[in-house]
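First the structure, in the form of C-alpha cells, and then the observations on it.
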Amino acid sequence: MSQIRPQPGILEIAPYQGGQSHLDGVAEVVKLSSNENPFGPSDKAKEAFARTAHQLHRYPPTDHAKLRQAIGDVHGVDPGRVICGVGSDEIITFLCQAYAGPGDEVIHTEHGFSMYRISTLAAGATPVEVPERERVVDVDAILDACNERTRLVFIANPANPTGTMVGGNEVARLADGLPPQAILVLDGAYAEFVEGYDGGAALVEARDNVVMTRTFSKIYGLGGLRIGWGYGPAEIIDVLNRVRGPFNLSQTQLETAEAAVRDVDYTERCRADNARLRAWLAEALAEAGVPSDTSTANFILARFASPAEAEACDGWLKSQGIIVRRVNGYKLPHCLRITVGDEASCRRVAHAVRAFKGQA
Ligand SMILES: *Cc1c(COP(=O)(O)O)cnc(C)c1O
C-alpha cells in the first residue's frame, strides 16, 4: 500500500455540496437554492468590473487599502482591522489554520454552516458539534462544551440554514463566558438583511476575543466573484494577514467590491425588497400548511410534516422547474430552504407548494 497519505482529518472531510443549478430538460429554472441576490450586483459594481479589464496585466495591490477604506466608511469600522479574502470562506480558513491544529477543538452548532467543520478538519483540529434549541443557537450549550482545548467557536447570526438570530446580549454573554484561549467568530453573511444591525462590529470593538466575518456573496450579489472580509482585534488580524497570500484578491475583485459596498442606495433597496417578499412568502407558505421560523435573512426554512413529505415536495418543485435546497446534511431532513427570489419567483414557488399540498 502506498505510503503517500494526507494529513490526519483530511479524509474525514465530506466535500461541500453547493446548491443545484440545473434540471435536465428544463431551460428556464427558478434557482432558489443558494441564497443569491435575485437582482444580481449593482450597476456600479458591474461597471467597475468591466473597467478592470484594461488592467489585467498588472498585479493587484497586496494591502487592499482602498477596499478596506470603503468598508470602513460604509460600515463604520476601523479599516486598519479589516482583512479581505476570497469569500468569507477564506477568512474562516485563515482562522482555523492560524488558531487550531491537532488536539484543538473547534465548536460549531447542530445546524451550523458546513464550512466550519470542513475548515476545522483541514487544519487537523477536532470539530465539536453542540445542540441548538428549536433551531436557535443555544449559548449555554456552547459554554457547556468549552474546555481548555477549545480554540474557536463559530456561530452565524443570522444563521444559515435556519434563518434565526440570537440577541446581542446573548452573544455578549457567550463572548464573556469563553475560556481565555478561545475566539468567538460571528459569521455575518446575512447581517445586511437585518435593518440597523452591525453584524457584531460593536462587540468586536468592545472585546479582545471576537472576530466578525462578512461577505459580498449575499446582499451584494457577487457570489460568483468570491470576496469577503473579516473584522477583529489588531493582533488577530495581524496573525491572519501572515497566512494570507499576498495576491489573494485580484484587482477585479477589489474594485468591484469597492463599488458594490459604496452603492448604499442599491443595498438598501435590496434589503427592503427582501424583507417585503420574505414576509409575503412566509405567510403564503404558512397558509398552505408549511410553517417556518421567523427568518431574518434572505431565505425561509420551510418545515414539512416529515422527511418524506419534504423530499416529495422537493421532487414536485423540481418537476415545476424550481430548485430549492434540501438540508439533510444540516440535520433538518423535514425542511427545505427556499431563497427569497424576485416577486415572480416567490409567486411561483408559493403556487407550487400550494399545489403540492393539494390546495391549488
Ligand atoms: C453564504 C454564506 C457565507 C458566504 O461565504 P462566501 O465564501 O463569502 O461566499 C458564509 N457564511 C454563511 C453562513 C453563509 O451562508
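Both counts, for ligands and for their atoms, begin at 1 and track the order of listing.
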Discussion item. Between ligand 1 and Ser88, can you find any atom pair, the residue atom being a heavy atom, that is separated by under 4.0 Å?
Written reply: yes
Worksheet item: Atoms of ligand 1 less than 4.0 Å from Ala189 heavy atoms?
Response: 2 (C), 3 (C), 10 (C), 11 (N), 12 (C), 14 (C)
Worksheet item: Which residue supplies the protein heavy atom nearest to atom 8 (O) of ligand 1, what is that atom called, and how far is it?
Response: Thr215 OG1, 2.5 Å
Worksheet item: Looking only at protein heavy atoms, which one is nearest to atom 2 (C) of ligand 1, and how far off is it?
Response: Lys218 NZ, 2.3 Å
Worksheet item: What atoms of ligand 1 come within less than 4.0 Å of a heavy atom belonging to Asn160?
Response: 13 (C), 14 (C), 15 (O)
Worksheet item: Are any of the side-chain nitrogens in Arg244 or Glu90 under 4.0 Å away from the carboxylate oxygens of its partner?
Response: no
Discussion item. Please confirm whether Arg226 approaches ligand 1 to less than 4.0 Å, judged on its heavy atoms.
Written reply: yes
Worksheet item: Is there any N or O on Asp89 that sits under 3.5 Å from an N or O of ligand 1?
Response: yes
Worksheet item: Short list, please: which atoms of ligand 1 are under 4.0 Å from a heavy atom of Gly87?
Response: 6 (P), 7 (O), 8 (O)
Practice prompt. Report yes if the side chains of Leu186 and Leu184 come closer than 4.5 Å at any heavy-atom pair, otherwise no.
Written response: yes
Item to complete: From the options Arg269, Arg271, Arg214, select the one residue that forms a salt bridge (Lys or Arg N to Asp or Glu O under 4.0 Å) with Glu192.
Response: Arg214
Worksheet entry | Tyr190: numbered ligand 1 atoms lying under 4.0 Å from its heavy atoms | 1 (C), 14 (C), 15 (O)
Discussion item. Give me the residue, atom name and distance of the protein heavy atom closest to atom 9 (O) of ligand 1.
Written reply: Ser217 OG, 2.6 Å
Discussion item. Quick test of your reading of the model: are Glu132 and Arg135 salt-bridged, counting only N-O distances below 4.0 Å?
Written reply: no
Discussion item. If only side-chain N and O atoms count, and only distance matters, is there a donor-acceptor pair under 3.5 Å linking Asn160 with Arg337?
Written reply: yes
Worksheet item: Salt bridge check: are Arg262 and Asp73 linked by an N-O gap of less than 4.0 Å?
Response: yes
Fill in: Salt bridge present between Arg173 and Asp176 (N-O < 4.0 angstrom)
no
Discussion item. When you compare the side chains of Asp187 and Tyr116, does any donor N or O come within less than 3.5 Å of an acceptor on the partner?
Written reply: yes
Worksheet, complete the sentence: When distances are taken from atom 12 (C) of ligand 1, the protein heavy atom at minimum range is Asp187 OD2, 3.4 Å
Item to complete: Could you tell me whether ligand 1 has any atom less than 4.0 Å away from a heavy atom of Phe216?
Response: no
